[in-house]
Amino acid sequence: MSDKVVNILLVEDDYLDIMNVERELSKISVSLPLLVARNGREALNMLRGTEGAERISPAPSVILLDINMPKMNGLEFLAEMRREPEFSHIPVFIMTTSNEDIDRMAAQQLNVTGYIVKPLTFDSFEKSHSSLDSFSLFLDLIKLKQ
């Protein structure tokens, strides 16, 4: 049993999607702290501890990232985050309603761990377009839980 502090950063502006992620995590008994930012700008401030945001410490173990958000979208956030050595190693799973190849390619160029088409679900891998990515996220979260 590791005493390493682990947490998850969810960058998502849709309240229902936030609730869905919380529900899916609890279904697989992952009760890690879930920190929520409503857009990429807020997430960067939370990572850096700037503009009045409390710094996430330690840095998140996994980031779940929506693409379409106001102020700073997910891909803009990811590009900015990847430029900072302190955060560039963090596994990022894109969660989006978009199954567009252009979004998927942009995400891959930014070194994402997985690309999950919403809604996120852990109980129907075979029905999901993003089954492998969802499954790898599932495995990463289970490893964090231990």
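Being a predicted model, the structure only gives us computed values, none of them experimental. Along the sequence shown, the residues carry numbers beginning at 1.
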Q: What distance separates Met81 CE from His89 NE2, expressed to the nearest 0.5 Å?
A: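 The CE atom of Met81 sits 8.0 Å away from the NE2 atom of His89.
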Q: Report the residues that fulfil salt bridge (Lys or Arg N to Asp or Glu O under 4.0 Å) with Glu80, sequence neighbours left out, ordered by chain and then residue number.
A: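 Glu80 satisfies salt bridge (Lys or Arg N to Asp or Glu O under 4.0 Å) with Arg48, Arg83 once adjacent residues are dropped.
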Q: If I compare all heavy atoms of Arg82 with all of Val92, which pair ends up nearest, and what's the gap?
A: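 Closest heavy-atom pair between Arg82 and Val92: NH2-CG2, 3.7 Å.
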Q: Once rounded to the nearest 0.5 Å, what's the spacing between atom CZ of Phe87 and atom CG of Leu47?
A: 4.5 Å
Q: Between OG1 of Thr50 and CZ of Arg41, what distance do you get to the nearest 0.5 Å?
A: 8.0 Å
Q: May I have the step-by-step check of side chain to side chain contact (heavy atoms under 4.5 Å, CB included) for Asn39 and Phe77, ending in yes or no?
A: CA-CA 8 Å; Asn39 59 62; Phe77 162 78; over 6 Å; no
Q: Report the C-alpha distance between Phe93 and Val62 in whole Å, list the side-chain angles of each, state the deciding distance to 0.1 Å, and finish with yes or no for side chain to side chain contact (heavy atoms under 4.5 Å, CB included).
A: CA-CA 8 Å; Phe93 287 86; Val62 172; 4.0 Å; yes
Q: By the definition side chain to side chain contact (heavy atoms under 4.5 Å, CB included), identify the one residue from Val36, Leu9, Val11 that meets it with Met46.
A: Leu9
Q: Can you tell me how far CG of Asn20 sits from CG of Asp14, rounded to the nearest 0.5 angstrom?
A: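 If we round to the nearest 0.5 Å, Asp14:CG and Asn20:CG are 9.5 Å apart.
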Q: Please report the closest heavy-atom contact between Ala59 and Asn7, naming both atoms and the distance.
A: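 Heavy-atom minimum between the residues: O-OD1, 3.8 Å.
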Q: Check whether Glu84 reaches the backbone of Glu86 with its side chain - one donor and one acceptor, N or O, closer than 3.5 Å.
A: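 No: the side chain of Glu84 does not pair with the backbone of Glu86.
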Q: Got Leu64 and Glu12 here, is their nearest side-chain heavy-atom distance under 4.5 Å?
A: no
Q: Between Leu25 and Leu34, does the side chain to side chain contact (heavy atoms under 4.5 Å, CB included) criterion hold? Intermediate values first, please.
A: CA-CA 10 Å; Leu25 290 175; Leu34 182 69; 4.2 Å; yes
Q: Do Asp66 and Asp13 have side-chain heavy atoms sitting under 4.5 Å apart?
A: yes
Q: Would you compute the distance between atom CG of Leu78 and atom CG of Leu44 and round it to the nearest 0.5 angstrom?
A: 10.0 Å
Q: Closest approach of Ile94 and Ala107, non-hydrogen atoms and distance?
A: CG1-CB, 3.9 Å
Q: Is it the case that the side chain of Ser61 and the backbone of Ile8 share a donor-acceptor pair, with hydrogens and angles ignored and the cut-off at 3.5 Å?
A: no
Q: Once rounded to the nearest 0.5 Å, what's the spacing between atom CG of Leu10 and atom CG of Leu35?
A: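 Leu10 CG to Leu35 CG: 9.5 Å, rounded to 0.5 Å.
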Q: For Glu54, which residues count as a salt bridge (Lys or Arg N to Asp or Glu O under 4.0 Å) partner, sequence neighbours excluded?
A: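 Not a single residue meets the salt bridge (Lys or Arg N to Asp or Glu O under 4.0 Å) criterion with Glu54.
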Q: Before giving the answer on side chain to side chain contact (heavy atoms under 4.5 Å, CB included), spell out for Asn73 and Asn68 the whole-Å C-alpha distance, their side-chain angles and the decisive distance to 0.1 Å.
A: CA-CA 5 Å; Asn73 73 35; Asn68 300 313; 5.7 Å; no
